[in-house]
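One structure is given below, encoded as structure tokens.
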2 protein chains.
Amino acid sequence: MSLKHGLLGLLNYGQMTGYELDKAFKASLRFFWQAQTSQIYRELNAMEQSGWLTSEIIYQTDKPNKKLYAITELGKLELQNWLAQNSLESEFQIRNLFLMKLFFSGGKDLKENIAMLNDYKKRCIDELVKLDTTGNSIEQYRKNISTQQDSIYWEFTARFGELYYKMYLEFLEEAIEKLEELQ
Amino acid sequence: MSLKHGLLGLLNYGQMTGYELDKAFKASLRFFWQAQTSQIYRELNAMEQSGWLTSEIIYQTDKPNKKLYAITELGKLELQNWLAQNSLESEFQIRNLFLMKLFFSGGKDLKENIAMLNDYKKRCIDELVKLDTTGNSIEQYRKNISTQQDSIYWEFTARFGELYYKMYLEFLEEAIEKLEELQ
DNA sequence: TGGGTCATGTAACCTGTTACATGATTAG
DNA sequence: CTAATCATGTAACAGGTTACATGACCCA
């Protein structure tokens with residue numbers, strides 16, 4: 001359970017509709033968790049049934065009606081509990097398909113592999129550029145949504161992204177170099 | 001689909017039973033992918049039905065009978081196809097619950113958060129020690145199972161692990177320092 | 001008149017997790 | 001006598017993915 005807690009975390013900042021949550025999720029949490037729109041609606045339903053949320057339908061004439069969700073006391077408790085317990089094992093695990101592919105790449109020829117690593121390198125640089133942009137958006141959110149206390153933790157996660165992709169880039173460059181030596 | 005391809009990759013080195021695959025998976029791929037024993041058996045079944053594998057029952061008197069799997073031509077093709085196409089988007093995504101928790105940690109008090117980061121730091125050091133040990137096991141596998149061509153890619157994935165956890169450690173130390181300044 | 005935004009979902013499927021079951025042999 | 005190793009799974013559930021559906025309003 002993780003998407004549920006991400007949604008709880010967002011709703012703890014204030015009431016939101018599924019549509020808004022979807023956008024907020026994709027704007028702020030997308031770097032370390034991904035969720036389909038359909039999954040978000042499904043989870044919101046389940047969370048309401050668990051008593052973590054309440055909803056209210058807002059009738060609109062010019063736009064489709066919407067369902068505004070609010071976190072309950074039970075939901076807040078659940079969020080606090082989740083935040084308090086650090087489950088080191090599960091949270092430390094990596095799942096990385098690129099590494100799995102790389103592990104089995106001995107069967108392919110060198111040139112193909114060098115090309116592959118160069119593709120990833122380009123992608124890596126893209127990600128670093130994107131992070132530069134989101135640095136500013138944290139500034140904006142900070143003023144609008146939340147207390148200053150939160151923003152330092154948001155910056156931490158952004159910093160992780162920066163360090164991560166820099167490390168990734170370093171790794172790719174090193175690997176490309178080693179493969180080129182074999183040619 | 002990823003576990004299936006990991007299993008294909010292992011079976012491409014030679015015939016194995018589900019039990020052996022489970023152990024091989026946990027020995028070599030566990031760093032970047034995790035799988036339950038029950039899931040491995042289930043996937044092997046599905047893969048045989050797809051015609052990627054064939055199986056042969058080995059009758060034993062002193063031990064339980066076993067089912068030896070071998071990769072088919074179709075399976076090899078599937079593996080090669082998977083290796084050839086690099087799907088940058090999905091393979092680049094991170095899923096990290098620790099970061100999600102950190103993102104929402106503004107509500108907790110400083111001391112708790114510093115303690116949490118220190119727990120992760122300890123765990124990080126543990127992982128670095130573990131990787132040091134597996135460095136040797138690659139050496140052993142290299143001689144036994146496969147051609148020398150493969151081993152460079154195995155070393156790459158181990159190197160990624162090293163860089164990753166060093167980066168993680170650096171990140172945690174930096175974050176702890178910043179939080180301690182706020183006290 | 002075609003595409004984007006607003007807004008909600010359902011259905012089917014695939015993948016991953018948890019808990020449980022069986023039973024012989026062997027090493028400490 | 002107890003725990004580990006060998007060896008196979010099943011069942012139920014939780015979580016994630018893909019494809020599809022609806023329909024009004026607004027802007028170019």
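Because only heavy atoms are used, hydrogens play no part in the values below, and waters and symmetry mates are left out as well, while side chains stay in.
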Give a yes/no answer on whether the side chain of A:K4 brings an N or O atom under 4.0 Å of OP1 or OP2 in D:dG15.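 Affirmative; the distance criterion is met.
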
Would you please confirm or rule out a distance under 4.0 Å between OP1 or OP2 of D:dG16 and any side-chain N or O of A:Q39?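 Indeed, a polar side-chain atom of A:Q39 lies that close.
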
How is A:E43 classified with respect to the nucleic acid when contacts are heavy atoms under 4.0 Å: base, sugar-phosphate, or nothing?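 Result for A:E43 = nothing.
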
Would you kindly compare B:Q60 and B:Q93 by the position of their nearest DNA chain D nucleotide and give the one closer to the 5′ end?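 The residue whose closest nucleotide sits nearer the 5' end is B:Q60.
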
B:K66 or A:A35, whichever maps to the more 5' nucleotide of DNA chain D: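 Taking each residue's closest nucleotide, the earlier one in sequence belongs to B:K66.
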
Could you tell me whether A:K130 and A:E127 have a side-chain N and a carboxylate O separated by less than 4.0 Å?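 Judged by the 4.0 Å cut-off on N to carboxylate O distance, A:K130 and A:E127 do form a salt bridge.
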
Between [X] ([atom1]) and [N] ([atom2]), how many Å, whole number?
X: A:R95; N: D:dG15; atom1: CZ; atom2: C1'; result: 12 Å
X: A:K63; N: D:dC27; atom1: NZ; atom2: P; result: 11 Å
X: B:M100; N: D:dG15; atom1: CE; atom2: P; result: 11 Å
X: A:N45; N: D:dA14; atom1: CG; atom2: C1'; result: 16 Å
X: A:Y41; N: D:dT18; atom1: OH; atom2: P; result: 19 Å
X: A:L97; N: D:dG16; atom1: CG; atom2: P; result: 15 Å
X: B:L68; N: D:dA7; atom1: CG; atom2: P; result: 11 Å
X: B:Q36; N: D:dG15; atom1: CD; atom2: C1'; result: 14 Å

Please list, in 5' to 3' order, the outermost nucleotides of DNA chain C lying under 4.0 Å from any heavy atom of chain A.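 Listed 5' to 3', the contact boundaries are C:dT5 to C:dT17.
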
Classify the ring geometry of [X] against [Y]: parallel below 30°, tilted from 30° to 60°, perpendicular beyond 60°.
X: B:W82; Y: B:H5; value: parallel
X: A:F160; Y: A:Y164; value: parallel
X: B:F171; Y: A:F156; value: perpendicular

Counting only heavy atoms not in A:K76, do more than 12 sit closer than 6.0 Å to its NZ atom?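 No, because the 6.0 Å sphere around NZ of A:K76 holds 12 heavy atoms or fewer from other groups.
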
Decide yes or no, distance alone: a donor-acceptor N/O pair under 3.5 angstrom between the base of D:dG16 and the side-chain of A:R42.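 Such a pair exists between side chain and base.
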
Between A:R123 and B:F92 (side chain of the first, backbone of the second, donor and acceptor by atom type, cut-off under 3.5 Å), is there such a pair?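 No; judged by distance alone, with no hydrogens or angles, the pair does not exist.
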
Test of ring centre spacing under 6.0 Å for A:W154 and A:Y13: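 So the answer is yes for these two rings.
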
Of B:D62 and A:T17, whose closest DNA chain C nucleotide lies nearer the 5' terminus?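 Its nearest nucleotide lies further toward 5', so the answer is A:T17.
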
